[in-house]
Number of protein chains: 2
Amino acid sequence: MSIEEIKNKISEGGLKFTHQRMVIYKAIEDAENHPTAEKVYEHIKDSNPSISLGTVYKTLDTFVNHGIIQKFVDNKGVMRFDSILDTHSHLYCKKTNEIKDYRNEELEALLKGFFEKNEIQGFEVDEVSIVIRGQHK
Amino acid sequence: MSIEEIKNKISEGGLKFTHQRMVIYKAIEDAENHPTAEKVYEHIKDSNPSISLGTVYKTLDTFVNHGIIQKFVDNKGVMRFDSILDTHSHLYCKKTNEIKDYRNEELEALLKGFFEKNEIQGFEVDEVSIVIRGQHK
DNA sequence: ATCAGTGCAAATGCTTTGCATCGGT
DNA sequence: ACCGATGCAAAGCATTTGCACTGAT
């Protein structure tokens, strides 16, 4: 995503465009494996030593609340951030603790079909996601 | 589950059978919505004021390591405990933060079939679980 | 009697909060 | 200039750890 596009994305909804937000957004977008707040901080602090960890947390939170990024919890209870907004599944590696995307249209269609046919009584389904645990070969 | 059965379950694998372990196991089994360590402690402390929160944490951890119970992380990053060991999905309620079981054989068969047919390259799948987010009607 | 289990308090790790200062609009 | 964004440090919460004491075998 270009700098202009990121700027527009941040500005939508009345957020101020700042250097910190630019850098933090790029860090999430560049990371291939959904980073923690700490990882984002590690990644940016060498070239931007003045950005504080607190700002990273606040900024990530702001982005999530404005629908700019998503967050979820890993199996250790730590928050992970993701610039991809549409539905996809995650592969959790027991060895390395990495979390990678898994996209499969057939699987998504299968699940969508199932929950359209089978209502859960007394419960309104918003989203369904899959957690695949295992390890890299 | 009877007291004798719980006693056997705990004794298997060389664990000592203690009053604390009995009480903590029963608290998990009785709870309909996967409790946190804190909730287990809340539930037992009136009738067992001498059991400390630290012991609840250690005991739950021991149970998990011996395959007596399971644990998972909720969407706030807090550990939840579950006396049911076989595969099942969870319903997360956005309103109440409750987590309920959802069991559906067709869904489990569907997923099992999918992952038997579709290998994920470079990744060995151990278990697949579904997270259903929504709210009670 | 032995050694695992327990209680308590201190420590840890991740995240949030308060508040004074800074900077984008 | 205004008001939101930032930096820093302190506080908060869930969980873990260390260690002396207790109790099941």
Side-chain angles (χ1 to χ4, degrees), chain A residues 3-4 6-25 27-28 34-45 48-66 68-69 71-81 97 99, chain B residues 3-4 6-25 27-28 34-45 48-66 68-69 71-81 97 99:
Chain A
I3 294 184
E4 265 323 296
I6 297 179
K7 189 166 175 176
N8 287 338
K9 203 168 179 107
I10 292 173
S11 303
E12 282 163 23
L15 287 184
K16 283 184 185 172
F17 177 76
T18 65
H19 175 65
Q20 289 86 332
R21 286 179 173 169
M22 173 85 240
V23 167
I24 291 170
Y25 185 84
I28 301 262
H34 315 296
T36 62
E38 195 77 41
K39 287 280 179 208
V40 170
Y41 179 65
E42 295 290 322
H43 187 256
I44 65 177
K45 78 171 174 195
N48 305 271
S50 69
I51 300 182
S52 71
L53 180 57
T55 295
V56 172
Y57 274 103
K58 282 177 187 163
T59 303
L60 291 171
D61 209 46
T62 305
F63 283 170
V64 171
N65 292 333
H66 284 74
I68 294 170
I69 62 174
K71 77 172 175 186
F72 61 95
V73 180
D74 71 15
N75 41 29
K76 293 239 175 83
V78 181
M79 291 299 171
R80 303 286 195 135
F81 299 88
N97 280 320
I99 301 171
Chain B
I3 295 184
E4 265 322 298
I6 298 179
K7 189 166 175 175
N8 287 338
K9 201 166 183 118
I10 293 174
S11 302
E12 281 163 24
L15 288 184
K16 282 185 185 168
F17 176 76
T18 65
H19 175 63
Q20 289 85 334
R21 287 178 172 169
M22 174 84 241
V23 168
I24 292 169
Y25 184 84
I28 302 259
H34 315 296
T36 63
E38 193 76 41
K39 286 281 179 206
V40 170
Y41 178 65
E42 295 290 322
H43 186 255
I44 66 178
K45 78 170 174 198
N48 304 271
S50 68
I51 301 182
S52 71
L53 180 58
T55 295
V56 172
Y57 273 103
K58 282 176 186 163
T59 302
L60 291 171
D61 208 47
T62 304
F63 284 170
V64 171
N65 291 332
H66 284 74
I68 295 170
I69 61 173
K71 76 171 174 187
F72 60 95
V73 180
D74 70 15
N75 41 29
K76 294 240 175 83
V78 180
M79 292 298 170
R80 302 287 194 133
F81 299 89
N97 280 319
I99 301 172

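Residue numbers start from 1 in every chain, and the chains themselves are labelled A, B, ... in the order their sequence lines are given, proteins ahead of strands.
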### Query
Where the side chain of A:K58 is concerned, which of D:dG18, C:dC19, D:dT15 is the nearest nucleotide?
C:dC19

### Whole angstrom value for the distance that separates P of C:dG5 from CD1 of B:I24
12 Å

### Query
side-chain contact (heavy atoms from CB on, under 4.5 Å) with B:N48: which of B:Q20, B:H19, B:H43?
B:H19

### Query
With nearest nucleotides of DNA chain D determined for B:K71 and A:S52 from heavy-atom distances, which residue corresponds to the more 5′ nucleotide?
A:S52

## Note on the structure
note: B:I44, atom CD1; C:dG7, atom P; distance rounded to Å ~ 9 Å

#### Entry: Nearest-angstrom distance from the residue atom NZ of A:K76 to P of D:dC13
25 Å

### Task
State whether A:S50 places a side-chain N or O below 4.0 Å from either non-bridging phosphate oxygen (OP1 or OP2) of D:dT6.
no

### Task
In whole angstrom, give the distance that lies between atom CG of A:D61 and atom C1' of D:dA5.
14 Å

### Query
Checking all strands, does A:T59 fall into the base, sugar-phosphate, or nothing category for heavy-atom contacts under 4.0 angstrom?
sugar-phosphate

### Candidate list A:D61, A:L60, A:T59, A:T62, test side-chain contact (heavy atoms from CB on, under 4.5 Å), partner A:I69, passing option
A:L60

### Query
Relative to the 5' end of DNA chain C, which residue comes earlier, B:P49 or B:G14, by the nucleotide with the nearest heavy atom?
B:G14

### Query
Starting at the 5' end of DNA chain D, which residue's closest nucleotide do you reach first, B:T36 or A:R21?
A:R21

Sort me out a list of protein N/O and nucleotides 23-25 of chain C N/O pairs below 3.5 Å, or just none if empty.
unit_1	atom_1	unit_2	atom_2	d
C:dG23	N2	A:K16	NZ	2.8
C:dG24	O3'	A:F17	O	3.4
C:dT25	OP1	A:F17	N	3.3

### Query
So with a 6.0 Å cut-off around NE2 of A:H34, is the heavy-atom count from everything else above 12?
yes

### Query
The side chain of B:E38 lies closest to which of these nucleotides: C:dC8, D:dA14, C:dT15?
D:dA14

### Task
Using atom CZ of B:F72 as one end and atom P of D:dT15 as the other, report the distance to the nearest whole Å.
12 Å

### Message
Closest approach to the side chain of A:I51, judged atom by atom: which nucleotide of C:dG7, D:dG7, C:dT6 is it?
### Response
D:dG7

## Note on the structure
Taking every heavy atom of B:A37 against every heavy atom of B:L53, the minimum-distance pair comes out as O-CD1, 4.3 Å

### Query
Starting at NE2 of B:H66 and ending at P of C:dG5, how long is that distance when rounded to a whole Å?
8 Å

### Task
Determine, stepwise, if the pair A:I68 / A:Y25 fulfils side chain to side chain contact (heavy atoms under 4.5 Å, CB included).
CA-CA 9 Å; A:I68 294 170; A:Y25 185 84; 3.6 Å; yes

### Task
Ignoring backbone atoms, establish whether B:Y57 has a side-chain N or O less than 4.0 Å from OP1 or OP2 of D:dT15.
yes

### Query
If every non-hydrogen atom of B:I99 is compared with every non-hydrogen atom of B:F72, which pair is closest and at what distance?
CD1-CE1, 3.9 Å

### Query
Given A:F63 and A:K71, is the side chain to side chain contact (heavy atoms under 4.5 Å, CB included) satisfied, shown in steps?
CA-CA 10 Å; A:F63 283 170; A:K71 77 172 175 186; over 6 Å; no

### Query
Given atom OH of B:Y41 and atom C1' of D:dC13, what is their separation to the nearest angstrom?
16 Å

### Task
Whole angstrom is fine here: how far is it from CE in B:M22 over to C1' in C:dT6?
18 Å

### B:Q20 side-chain N/O to C:dG7 phosphate OP1/OP2 under 4.0 Å
yes

### Query
Taking all non-hydrogen atoms of both residues, which atom of B:N75 and which atom of A:M79 are closest, and how far apart?
O-CE, 4.0 Å

